[in-house]
Amino acid sequence: MEKSKIQMLYDASHALFSQKELPTFQQIHYVKDLLDKIEAMDLGIDELGMCDSPLSDASGDSSKGLVCGQSFSEIKYIHIHECDNFSMGVFCLPAGKVFPLHDHPEMTVLSKLLYGSAYVKAYDWIALDCSGTQTVGLGGKVVDEVMKAPHEPSILFPRSGGNIHSFTALTPCAILDVLSPPYSEDFGRPSTYFSDIPIPSLHGYAILEERPVPSDLVVRGAPYIGPPIVTVNQYQF
């Protein structure tokens, strides 16, 4: 039986991020190419709102419906997979919603805009001060643009590529993320939020200052009903 696109992405991500060696440029771009082939429908998401369409899973069961991408009134997160080495999931944003400026500490992140359009702003640290109770420093802007699907997947490295970024949904949109390693409070990888204060005399630079989790940020879970993934643990008998 032919593997689903999400199974192929899982297999490649597991092989890449579970190895002891640092990933090579070619290996990361192989995963990026697999990510680029995935569309919303491959994950059980109907971007156009025709939610009475059936979805056939790997067993041939077509009794499941599709997640309706146009019906969300708040930010939704569709959890696909998480292990110690990486996680996969989809953020679905209604038009006008903002996922505020946040970081990805010591993480490599591959992202694909599945549908819609979003304003993306991203910084990398130029100078960082973590000596006090708050993280503050100088950030250099890496991305400041409107992204429209189809759009080439992006890669954020631990210290480059726009590791601190925000999304503003201009239309209903969805973003598929592969994060390695995943967020973890226990292992010192929390998600930290920031405010940015532009420096008028230095175009493209801003003071980034840690802030509390925004009170108006609400992210709800939504079911993953795309093709099931056979994980490595399931191969072991």
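Everything numeric here is computed off the predicted structure, so don't read it as measured data. The figures that follow rest on heavy atoms only: side chains count, while hydrogens, waters and symmetry mates do not.
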Checklist entry - Is the number of heavy atoms from other residues, nucleotides or ligands within 6.0 Å of OH (Tyr183) greater than 12? => result yes
Checklist entry - What residues form a ring-ring contact (aromatic ring centres under 6.0 Å, His included) with Tyr115, not counting sequence neighbours? => result none
Checklist entry - Are Val90 and Phe72 connected in a single hydrophobic cluster, I mean Ile/Leu/Val/Met/Phe/Trp/Tyr linked by side-chain heavy atoms less than 4.5 Å apart? => result yes
Checklist entry - Within a radius of less than 6.0 Å around CG of Asn85, do more than 12 heavy atoms belonging to other residues, nucleotides or ligands occur? => result yes
Next on the checklist: Within the 4.5 Å heavy-atom criterion, are Leu138 and Tyr205 side-chain neighbours or not?
Outcome noted: yes
Next on the checklist: On a heavy-atom basis, which atom in Glu47 and which in Ala40 lie closest, and how many Å separate them?
Outcome noted: OE2-CB, 4.1 Å
Checklist entry - Okay, side chain of Glu210, backbone of Thr135: is any donor-acceptor separation there less than 3.5 Å? => result yes
Checklist entry - Just wondering, do Pro105 and Thr192 contact through their side chains at under 4.5 Å, heavy atoms? => result no
Item to check | Rounded distance (nearest 0.5 Å) linking atom CD of Glu21 with atom CG of Leu16 | outcome: 10.5 Å
Item to check | Test log, rule side-chain contact (heavy atoms from CB on, under 4.5 Å), inputs His165 and Lys121 | outcome: CA-CA 5 Å; His165 66 187; Lys121 180 169 56 174; over 6 Å; no
Next on the checklist: Quick one: does any side-chain atom of Asp103 pair with a main-chain N or O of Asn163 as donor and acceptor, under 3.5 Å?
Outcome noted: no
Checklist entry - Is Asp177 reaching over with its side chain to a backbone N or O of Gly89, donor-acceptor style, under 3.5 angstrom? => result no
Item to check | Spacing of Met88 atom CE and Leu35 atom CG [to the nearest 0.5 Å] | outcome: 10.0 Å
Checklist outcome for this item: Closest non-hydrogen atoms of Leu217 and Val98, given as atom of the first, atom of the second and distance, are CD1-O, 4.2 Å
Item to check | Co-membership, hydrophobic cluster, residues Ile199 and Ile197, 4.5 Å side-chain | outcome: yes
Checklist entry - What is the distance from atom CD of Gln27 to atom CZ of Phe17, rounded to the nearest 0.5 Å? => result 9.5 Å
Item to check | Distance, nearest 0.5 Å, that separates CD1 of Ile38 from CE of Met8 | outcome: 9.0 Å
Item to check | Joint hydrophobic cluster, Val219 plus Leu179, side-chain heavy atoms closer than 4.5 Å | outcome: no
Checklist outcome for this item: Here the pair of heavy atoms bringing Asp36 nearest to His151 is OD1-O, 4.3 Å
Checklist entry - Could you go step by step and tell me if Ile6 and Leu43 meet the side-chain contact (heavy atoms from CB on, under 4.5 Å) rule? => result CA-CA 7 Å; Ile6 192 63; Leu43 305 175; 3.7 Å; yes
Item to check | Within the 6.0 Å centroid threshold, strictly below: Tyr119 and Phe167 | outcome: no
Checklist entry - Would you say the ring centroid of Phe99 lies under 6.0 angstrom from that of His102? => result yes
Next on the checklist: With a 4.5 Å cut-off on side-chain heavy atoms, are Ser166 and Val120 touching?
Outcome noted: no
Next on the checklist: So, using salt bridge (Lys or Arg N to Asp or Glu O under 4.0 Å) as the criterion, who are the partners of Glu106 when residues are at least two apart?
Outcome noted: Arg159
Checklist outcome for this item: So CG of Leu176 and CG of Leu114: to nearest 0.5 Å the spacing works out to 5.5 Å
Checklist entry - Shortest non-hydrogen contact from Leu93 to Ala169? => result CB-CB, 3.8 Å
Checklist entry - Is the shortest side-chain N to carboxylate O distance from Asp42 to Lys5 below 4.0 Å? => result yes
Checklist entry - Stepwise, does the side-chain contact (heavy atoms from CB on, under 4.5 Å) test hold for Ile175 with Lys112? => result CA-CA 6 Å; Ile175 301 161; Lys112 163 92 183 277; over 6 Å; no
Checklist entry - Are Val136 and Leu208 in one and the same hydrophobic cluster, where Ile, Leu, Val, Met, Phe, Trp and Tyr link if side-chain heavy atoms are under 4.5 Å apart? => result no
Checklist entry - With a 4.5 Å limit on heavy-atom distance, are the side chains of Pro214 and Pro100 in contact? => result yes
Checklist entry - Taking C-beta and beyond as the side chain, do Tyr10 and His14 meet within less than 4.5 Å on heavy atoms? => result yes
Next on the checklist: How about CD on Glu152, more than 12 heavy atoms from neighbouring residues, nucleotides or ligands closer than 6.0 Å, or not?
Outcome noted: no
Checklist entry - What class does the angle between the rings of Tyr77 and His79 fall in, given that below 30° is parallel, 30 to 60° is tilted and above 60° is perpendicular? => result tilted
Checklist outcome for this item: Here the gap from Leu113 atom CG to Ser111 atom OG, rounded to the nearest 0.5 Å, amounts to 9.5 Å
Checklist entry - Looking only at atom types and distance, does a side-chain atom of Gln7 sit under 3.5 Å from a main-chain N or O of Val230, one as donor and one as acceptor? => result yes
Checklist entry - Does atom CZ of Phe157 have more than 12 heavy-atom neighbours from other groups under 6.0 Å away? => result yes
Next on the checklist: With a 4.5 Å cut-off on side-chain heavy atoms, are Ile229 and Ile80 touching?
Outcome noted: yes
Item to check | Least distance between heavy atoms, Ser13 atom then Val31 atom | outcome: OG-CG1, 4.0 Å
Checklist entry - Is any side-chain N of the basic residue among Asp196 and Lys141 closer than 4.0 Å to the acidic one's carboxylate O? => result no
Next on the checklist: On a heavy-atom basis, which atom in Cys83 and which in Pro182 lie closest, and how many Å separate them?
Outcome noted: O-CG, 3.3 Å
Item to check | Lys76, NZ atom: more than 12 neighbouring heavy atoms under 6.0 Å | outcome: yes
Checklist entry - Quick one: do Ile164 and Val142 end up in the same hydrophobic cluster if we chain Ile, Leu, Val, Met, Phe, Trp and Tyr together by side-chain heavy atoms under 4.5 Å apart? => result no
Item to check | ring-ring contact (aromatic ring centres under 6.0 Å, His included) between Phe194 and Trp125, worked out | outcome: CA-CA 12 Å; Phe194 294 89; Trp125 288 115; 5.5 Å; yes
Checklist entry - Does the pair Lys32 and Ile155 meet the rule for a side-chain contact (heavy atoms from CB on, under 4.5 Å), with working shown? => result CA-CA 8 Å; Lys32 176 186 173 183; Ile155 305 174; 3.7 Å; yes
Checklist entry - Can you check whether Ile126's main-chain N or O pairs, donor with acceptor, with Tyr123's side chain at less than 3.5 Å? => result no
Next on the checklist: Taking the six-membered ring for Trp, are Phe86 and His81 closer than 6.0 Å centroid to centroid?
Outcome noted: yes
